[in-house]
Amino acid sequence: MRFIYLVFIVASGIRFADADVRHYKAAISNSQWLVSNQARLSCQLEHPIPRYGKAIFSSDASRAINMTFTLDMLKLPVGYDIAALESIAPSHRAGVPSRQIIDMQILQQFDGQLIDKPAWTMLSELEKGMMPTFYYQDWHSDFDKVAVAINSANFHAAYDKFLACIDNLLPYSFEDIAMTVLTYNSNTAELSKASKKRLAMIAEYLKQDTDLELVLLTGYSDSYGGRWHNEELAKARATTIRTFFAEAGVESKRIEVDSYGERRHVASNQNVLGRAKNRRVVIRMEKP
């Protein structure tokens, strides 16, 4: 780190030895915590910092619980450095020691970010009434250092809503379903049990996010039966899925259907398991 900062705790609160530190923090009177969400796809907890930017905690639909903290700056970094992150007690809790959380990389022209454990730690410290605070050398002035504090005032009610939002997120992301292979029972357009479950997952996702740019559906069959019959069966399987997407709200012009019948097998047709893999519709979804 380019500089050393000294923190003195006195009766009136925290004071810095270096008088050239610029402090950014929302006052208790205007400390705001705002919760927003995009259906069951993402949750965001935002804290405006006057004259500096915003502190943002966000979590997205995924198979794993995730958390991202973003220090959204009005003036982006012009170089590369390190910002020290500490948990500092507010002035009315004089005597409570500070805790070092982590060093955050500062990247040129990028907002600061912390992923998962450090972000959760910041939320835990805010819940306890502490103020996570960043310290770094000002990239616009060699004479100034910067301290950016996140005020825990008015935090708890918004945090409760944020946690409830996270609990309601889908347990999978778009990337988890963007490439899907559906399999079928023999000589029918009826999906296998596992594929019915997979299609139900896609249906639930589409209820939350219908903003798809393109859906590609490709039907295949095993080699049992005549070639023309298999071609028609593969096409019927893909067409049925096309109807599903259209009824879910995807524009028909954004859905492309193709079929290869018994061509392009992915497994042997000499056994039951291989044929089951060849009876399939491959779904590829793309977003803008």
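No hydrogens, no waters, no symmetry mates; every other heavy atom, side chains included, goes into these values. All values derive from a computational prediction rather than experimental measurement.
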| field | Interatomic distance, Gln208 atom CD to Asn37 atom CG [nearest 0.5 angstrom] | value | 9.5 Å
| task | Assess whether atom CD1 of Ile28 is packed by more than 12 heavy atoms of other residues, nucleotides or ligands within 6.0 Å. | result | no
| message | Can a side-chain donor-acceptor contact be found between Gln44 and Ser58 if the only test is distance below 3.5 angstrom? | response | no
| said: Does any part of the side chain of Ile283, heavy atoms only, come nearer than 4.5 Å to the side chain of Leu216, both counted from C-beta? | reply: no
| Do the side chain of Asn66 and the main chain of Ala64 share a donor and acceptor less than 3.5 angstrom apart? | yes
| said: So, taking the atom named NZ in Lys235 and the one named OG in Ser221, what distance separates them when rounded to the nearest 0.5 Å? | reply: 12.5 Å
| task | First locate atom CG of Leu169, then atom CG of Asp60, and finally report the distance between them rounded to the nearest 0.5 Å. | result | 7.5 Å
| request: Please work out which of the three classes, parallel, tilted or perpendicular, describes the rings of Trp33 and His47, given edges at 30° and 60°. | output: parallel
| Distance only, no hydrogens: is a donor on one side chain within 3.5 Å (strictly under) of an acceptor on the other, for Thr243 and Thr240? | no
| note | In this structure, CG of Asp211 is separated from CD of Gln38 (nearest 0.5 Å) by 8.5 Å
| If you group Ile, Leu, Val, Met, Phe, Trp and Tyr by side-chain heavy-atom gaps below 4.5 Å, do Ile102 and Leu126 land in one group? | yes
| request: Could you tell me whether a side-chain N or O of Arg263 sits under 3.5 Å from a main-chain N or O of Tyr260, the two making a donor and an acceptor? | output: yes
| Any side-chain heavy atom of Pro48 sitting closer than 4.5 Å to one from Gln32? | yes
| message | Any non-hydrogen side-chain atom of Asp176 less than 4.5 Å from a side-chain atom of Arg63? | response | yes
| said: Tell me if the centroids of the rings in Phe134 and Phe69 come within less than 6.0 Å of each other. | reply: yes
| Going by atom types only, do Gln113 and Thr68 share a side-chain donor-acceptor pair under 3.5 Å? | no
| message | Side chains of Ser192 and Thr183 only: does a donor on one sit below 3.5 Å from an acceptor on the other? | response | yes
| Sidechain-backbone polar pair: Asp258 side chain, Thr218 backbone, donor-acceptor under 3.5 Å | no
| task | Might you confirm whether atom NZ of Lys117 has over 12 heavy atoms from other residues, nucleotides or ligands at distances under 6.0 Å? | result | no
| field | Validation row: Ile177, Tyr172 side chains within 4.5 angstrom (heavy atoms) | value | yes
| Does the side chain of Phe245 come within less than 4.5 Å of Leu217's, by heavy atoms? | yes
| Taking C-beta and beyond as the side chain, do Leu114 and Met122 meet within less than 4.5 Å on heavy atoms? | yes
| said: According to ring-ring contact (aromatic ring centres under 6.0 Å, His included), who are the partners of Tyr205, at least two apart in sequence or on a separate chain? | reply: Phe174
| Thr133 side-chain N/O to Ala149 backbone N/O, donor-acceptor pair under 3.5 Å | no
| request: Please lay out, stage by stage, how Arg99 and Glu125 fare under the test salt bridge (charged side-chain N to carboxylate O under 4.0 Å, His left out). | output: CA-CA 10 Å; Arg99 295 178 180 178; Glu125 294 301 299; 3.5 Å; yes
| Gln105 atom CD: more than 12 heavy-atom contacts under 6.0 Å | no
| query | Hey, is the main chain of Leu182 close enough, under 3.5 Å, to the side chain of Arg198 for a donor-acceptor pair? | reply | no
| said: Is the shortest side-chain heavy-atom distance between Gln109 and Leu76 below 4.5 Å? | reply: yes
| query | At what distance, to the nearest 0.5 angstrom, does NZ of Lys161 lie from CD1 of Ile166? | reply | 14.5 Å
| task | Supply the atom-to-atom distance Lys54 NZ to Glu46 CD, rounded to the nearest 0.5 angstrom. | result | 4.0 Å
| said: Between Arg242 (side chain only) and Ile255 (backbone N and O only), is there a donor and an acceptor less than 3.5 Å apart? | reply: yes
| query | Is the charged tip of Arg280 near the ring of Tyr220: under 6.0 Å from the six-membered ring centre and within 45° of its axis? | reply | yes
| query | Do Asn151 side-chain atoms and Ala26 backbone N/O form a donor-acceptor pair below 3.5 Å? | reply | yes
| query | Does Leu214 CG have over 12 foreign heavy atoms under 6.0 Å away? | reply | yes
| Would you say Leu123 and Tyr159 make side-chain contact, with heavy atoms under 4.5 Å? | yes
| task | Using the side chain to side chain donor-acceptor pair (under 3.5 Å) rule, pick out the option among Arg22, Lys145, Lys75 that qualifies with Asp138. | result | Arg22
